Trainee: 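Quick one: structure below, then a few questions.
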Amino acid sequence: MSTNPQNTNASAPAEAARPSHFIRDIFVEDQKTKKYGDAVFQTRFPPEPNGYLHLGHAKAICLDFGMADDFGGLTNLRFDDTNPEKEEQEYVDSIMEDVRWLGFEWDRLCYASDYFDQLFEWAIQLIKAGKAYVDDHSAEEIRQHRGTLTEPGENSPYRNRTVEENLDLFLRMAKGEFPDGTRVLRAKIDMASPNLNMRDPVMYRILHASHHRTGDKWCIYPMYDYAHGQSDSLEKVTHSMCTLEFADHQPLYRWYIEQLGIFPSQQIEFDRLSLTYTLLSKRKLLQLVQEKRVSGWDDPRMPTLSGIRRRGFTAAAIRNFCAAIGASRTNGSTDIEMLEHFQREELNRTSPRAMAVLRPLKVVIENYPEGQEELVEVANNPEDPSAGLRQVPFSREIYIEQDDFREVPPPKYYRLSPGKEVRLRNAYFITAKEVVKDAAGNVVEVRCTYDPASRGGNSPDGRKVKSTIHWVSAKHAISAEVRLYDKLFINPNPSDVPEGGSFLDNLNPNSLEVIADAKLEPSLATAKPGDRIQFERMGYFCVDIESKPEALVFNRTLPLKDTWAKIERKAGS
RNA sequence: UGGGCGGUAGACUAAUGGUAGGUCAAGUGCCUUUGGAGCACUUCGUCCAGGUUCGAAUCCUGGCCGCCCAGCCA
């Protein structure tokens with residue numbers, strides 16, 4: 001079946017229960033009425049290999065493969081490669097990788113280009129039946145004859161050519177006798193149809209372009225509408241799911257199938273995924289890549305599957321998210337927080353913890369013996385005792401987060417400040433005594449004392465402390481580059497721009513902050529690309545693909561929820 | 001303005017003529033060696049107007065609002 005066992009986490013709880021939605025209802029009904037007899041349900045995921053897959057495709061993939069899985073059916077991966085000018089092998093490779101990463105395996109690998117011969121034969125059949133004709137009009141002339149949304153189109157003067165003449169011309173088109181754009185093959189339907197797709201749609205255009213799979217065999221290529229339904233039909237696809245903008249194409253999808261008398265696949269349209277603060281348009285994502293607004297298709301800020309994978313997102317979280325949003329026919333916009341929720345839910349459960357100080361502030365513990373060091377025992381994951389324990393070195397000089405000390409604490413600030421006591425996680429209670437400042441008046445060091453009796457983090461006298469902060473022993477710390485990623489856009493709807501503006505105006509100038517020299521606990525020295533770790537109190541991170549043992553690089557996947565930041569924000573506003 | 005498709009809390013989504021429910025977000029409290037996590041509680045909704053019905057989010061009529069369509073792209 002389609003779920004790839006390599007990508008399912010055996011220890012993970014069952015994925016979210018399948019909520020009902022209208023597509024599931026159709027499957028249930030078709031199963032009940034045995035609409036397709038004893039044949040198993042067949043679906044397909046039909047990307048055009050002209051870009052990288054993104055979260056919108058993840059929704060489609062989960063629906064195509066997920067529905068088939070749930071009903072004992074099969075799913076094909078089919079590349080919709082009818083336009084040689086935009087399609088490349090690089091994209092087909094990335095698409096296969098992404099589908100598998102998401103956790104799915106196709107039954108058959110197909111290409112629309114596999115059907116070029118059959119499609120050509122069917123075109124001849126339609127010509128012979130008087131249902132298709134060669135039009136000598138230019139693209140411009142065809143457009144002029146198409147009419148408008150409110151006015152019918154006009155018949156082309158070439159519409160009534162004889163079958164013989166159409167056949168001759170079409171064959172010569174295929175032989176390469178005519179230059180690009182000089183003729184097309186059109187279906188003869190109805191130029192007065194209120195549905196513009198039915199106004200004698202183009203079936204074939206002349207394109208002297210090399211195709212990534214068929215090479216130079218063809219110089220005419222079928223249009224999407226002429227290829228898609230028949231491809232579905234050839235693969236015996238029972239449920240052909242696509243997005244809402246194709247609803248107007250359904251009459252044409254059915255027209256070709258009916259005229260040809262072939263297996264009747266049914267098209268079902270659902271709403272495209274729209275996410276706040278996120279752009280899910282291949283064209284615009286391509287622009288970001290080409291204009292180098294991001295480092296590439298796999299920039300961790302990109303909503304591409306390769307981007308969020310590099311960012312540290314997990315396939316299971318994306319699947320759970322897709323299950324939660326379901327499918328409908330309403331166009332709305334899902335809060336990005338929903339996606340982040342499912343990601344945090346999984347990472348909280350599965351990520352080992354470590355201590356890392358992103359913006360170091362030196363702390364000297366004055367009453368801790370000079371030269372002394374010790375190992376403290378720390379849980380790898382408090383959510384998962386089976387993750388075990390590790391030893392973390394402690395010594396007289398440590399780093400804490402700059403944010404965890406305030407010389408003048410604001411109200412409700414529980415962390416370190418002069419005279420206040422806090423707990424160093426898994427280590428000791430310390431009390432701030434005095435600060436050391438540089439010439440500019442910045443605090444560069446905090447002098448503290450510790451309570452030797454509080455080892456492990458509890459005082460025998462039962463004394464409570466308001467806050468626990470993380471730390472790293474200065475002597476043992478390792479350095480790493482940490483990349484803090486934030487939303488790529490500042491506007492919930494990146495496409496929402498004033499007249500004459502561009503979505504680029506909504507780019508978040510602070511979407512990436514690089515910390516060159518973060519201080520990490522030494523256990524992180526062996527972290528490998530792809531490893532996911534929670535830096536305690538800071539967020540979920542993963543080791544970047546560029547990371548090397550001597551030059552570690554961590555990406556922030558998501559910050560932890562930050563209640564203090566919320567309090568501060570409210571106090572500030 | 002022709003055609004197609006839709007409107008359920010701030011967001012997404014159930015309820016298929018019979019108690020408007022779930023998730024996210026927001027808020028309050030509890031708990032806590034991550035201001036994390038967890039737990040409990042709370043706020044907030046059927047686009048409008050008529051009609052059918054014992055009963056309407058659901059069916060009917062009429063409005064209003066939103067999205068899609070005039071590529072030899074998919």
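Source: prediction; values computed, not measured.
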Trainee: Please determine whether a side-chain nitrogen or oxygen atom of A:Arg272 lies at a distance below 4.0 Å from atom OP1 or OP2 of B:C67.
Mentor: no

Trainee: Check whether any side-chain N or O of A:Arg146 sits under 4.0 Å from OP1 or OP2 of B:G71, and answer yes or no.
Mentor: yes

Trainee: Indicate, yes or no, whether a donor-acceptor pair under 3.5 Å links the base of B:G2 to the side chain of A:Asn195.
Mentor: no

Trainee: Below 4.0 angstrom from OP1 or OP2 of B:U13, is there any side-chain N or O of A:Thr330?
Mentor: yes

Trainee: With respect to the phosphate group of B:A37, does any side-chain polar atom (N or O) of A:Arg344 fall under 4.0 Å of OP1 or OP2?
Mentor: no

Trainee: With respect to the phosphate group of B:G36, does any side-chain polar atom (N or O) of A:Thr563 fall under 4.0 Å of OP1 or OP2?
Mentor: yes

Trainee: Taking the minimum atom-to-atom distance to the side chain of A:Thr148, which one of B:A70, B:G35, B:C24 wins?
Mentor: B:A70

Trainee: Are A:Lys561 and B:U34 close enough that a side-chain N or O sits under 4.0 Å from OP1 or OP2?
Mentor: no

Trainee: Nearest to the side chain of A:Arg329, heavy atoms from C-beta on, is which of B:C5, B:G27, B:A11?
Mentor: B:C5

Trainee: Have a look at A:His137 and say if it touches a base, only the backbone sugar-phosphate, or nothing, with a 4.0 Å heavy-atom cut-off.
Mentor: base

Trainee: If the threshold is 4.0 Å, N to carboxylate O, is there a salt bridge linking A:Asp232 and A:Arg78?
Mentor: yes

Trainee: If the cut-off is 4.0 Å, is A:Arg537 near the phosphate of B:G36, judged by side-chain N/O to OP1 or OP2?
Mentor: no

Trainee: Between the base of B:G36 and the side chain of A:Glu383, is there a donor-acceptor distance below 3.5 Å?
Mentor: yes

Trainee: When A:Asp135 is tested against each of A:Arg186, A:Arg159, A:Arg183 for side chain to side chain donor-acceptor pair (under 3.5 Å), which residue passes?
Mentor: A:Arg186

